[in-house]
Amino acid sequence: MIPFNKPFLTGKETFYIEDAVKSGKISGNGKYTQLCQKFFEERYHFKKCLLTTSCTDALEMAAILLNIKEDDEVIMPSYTFVSTANAFVLRGAKIIFADSRADHPNIDETRIEALITDKTKAIVVVHYAGVACEMDTIMDIAKRHNLFVVEDAAQAIDNFYIGKNGSQPLGSIGHLSAFSFHETKNIISGEGGMLAINDPQFCDRAEILWEKGTNRSAFFKGEVDKYGWVDVGSSFLPSEIIAAFLWAQLENLDKIQDQRKMHWNNYKEKLADWAKSNNILLPFVPEYSTNNAHMFYLICESEDQRSAIIGKLKAENIMAVFHYISLHESAFYKDKHDGRFLENTQKFTDRLLRLPLYYELDTEVVVNQFLQFESAKAN
Ligand SMILES: *Cc1c(COP(=O)(O)O)cnc(C)c1O
């Protein structure tokens, strides 16, 4: 069977976990947490990083840091995971869903400005499949309207936006960014995430929220002589056991990325003719984005064609899966949405199909299956 995803282990995970356990420090913010945070701060120039128990948690921290309140409006794509929206809905915000681009599930940057009102507080972008949104345009809109930008970079580790400032790591451009280390992402810790803070005004308060609303971090750094309750907060930090696992992955980041890119390029090259003759589109990476090979997908001609391909692959024990169901049409939000039809979002909801992509995948098996469909059709 070829599953859709298979978590890759570098081999050192249990070694570092054992080290963490034996050290006697297994709660959060210990040696491995600091190693991981420092890795990200140095490699991608994020101002400050805090590991969290999920990307969902990091997004919730972002919503608290931005002081999102009842009736504030937050603009984001509809074609995304529920957590992107939930983090802001939890604070009482109204979500204003923007359509995707015609050529990519990312938010259509040309449609953001028309959605801004005097209630708008933030724009949340999602780098779908790890591919960069058009950040120069988005940051410019935010600046002119005095809005914050949050990057949902759950899928975007080790990827870059190429714009007027040259090549910038995704997650380093918005005021705040959220990453995921869920087992379906490129770099994993089972469940796990990280908040990256680029606007320095949020650094101190982020640490307080992270430590249950106390100034415990400042106390351990010797900045205050006792710690107590100073703000709202929650327990957002993961244990050292999770951070130790993540460290084993980070040590192998380049190796993991290279392997995923090899698979991605192999799919792209070998499926090109097949896709063309079946009116199927392969993933598009705009010139302003590099590719971190988080996901390989097809845009089918129709929903029926997608169902047929899923069925045929399943019969051969290959698991391909569709993705998000537009949030503006979800059971929870459809009566809160303002009724706009989001054409491109609908297209990706109905027609996008994700192929298996993981470190140990044998892409040839999947590719050959597609090519056999072709010869079956010709006969
Ligand atoms: C995976 C994902 C999340 C959620 O990540 P968790 O770590 O599971 O909370 C949020 N947004 C996007 C775009 C994702 O792909």
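Note: hydrogens, waters and symmetry copies are ignored here, and every other heavy atom, side chains too, is used. Whatever order the structure lists ligands and atoms in, that order sets their numbers, starting from 1.
Looking at Tyr324 and Phe81, their side chains come closer than 4.5 Å, going by heavy atoms from C-beta outward.
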Could you check ligand 1 for N or O atoms lying under 3.5 Å from protein N or O atoms and list the pairs with distances?
residue: ligand 1; atom: 5 (O); partner: Ser180; partner atom: OG; Å: 3.3
residue: ligand 1; atom: 7 (O); partner: Cys55; partner atom: N; Å: 2.9
residue: ligand 1; atom: 7 (O); partner: Ser180; partner atom: OG; Å: 2.7
residue: ligand 1; atom: 9 (O); partner: Cys55; partner atom: N; Å: 3.3
residue: ligand 1; atom: 9 (O); partner: Thr56; partner atom: N; Å: 2.9
residue: ligand 1; atom: 9 (O); partner: Thr56; partner atom: OG1; Å: 2.5
residue: ligand 1; atom: 11 (N); partner: Asp152; partner atom: OD1; Å: 3.3
residue: ligand 1; atom: 11 (N); partner: Asp152; partner atom: OD2; Å: 2.8
residue: ligand 1; atom: 15 (O); partner: Gln155; partner atom: NE2; Å: 2.8
residue: ligand 1; atom: 15 (O); partner: Lys185; partner atom: NZ; Å: 3.3
residue: ligand 1; atom: 15 (O); partner: Tyr324; partner atom: OH; Å: 3.4

Quick one, Asp19 with Lys31, criterion salt bridge (charged side-chain N to carboxylate O under 4.0 Å, His left out). Give me CA distance, side-chain angles, the key distance, then yes/no. CA-CA 10 Å; Asp19 180 52; Lys31 173 175 110 181; 2.9 Å; yes
Assess whether ring pair (Phe, Tyr, Trp, His ring centres under 6.0 Å) is satisfied between Tyr288 and Phe160, documenting all intermediate values. CA-CA 8 Å; Tyr288 55 77; Phe160 298 82; over 10 Å; no
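Distance check, rounded to the nearest 0.5 Å: CZ of Phe296 to CG of Leu271 gives 5.5 Å.
Between Arg216 and Glu207 there is no salt bridge, since no side-chain N of the basic residue sits under 4.0 Å from a carboxylate O of the acidic one.
Between the side chains of Thr349 and Ser326, at least one donor N or O sits under 3.5 Å from an acceptor N or O.
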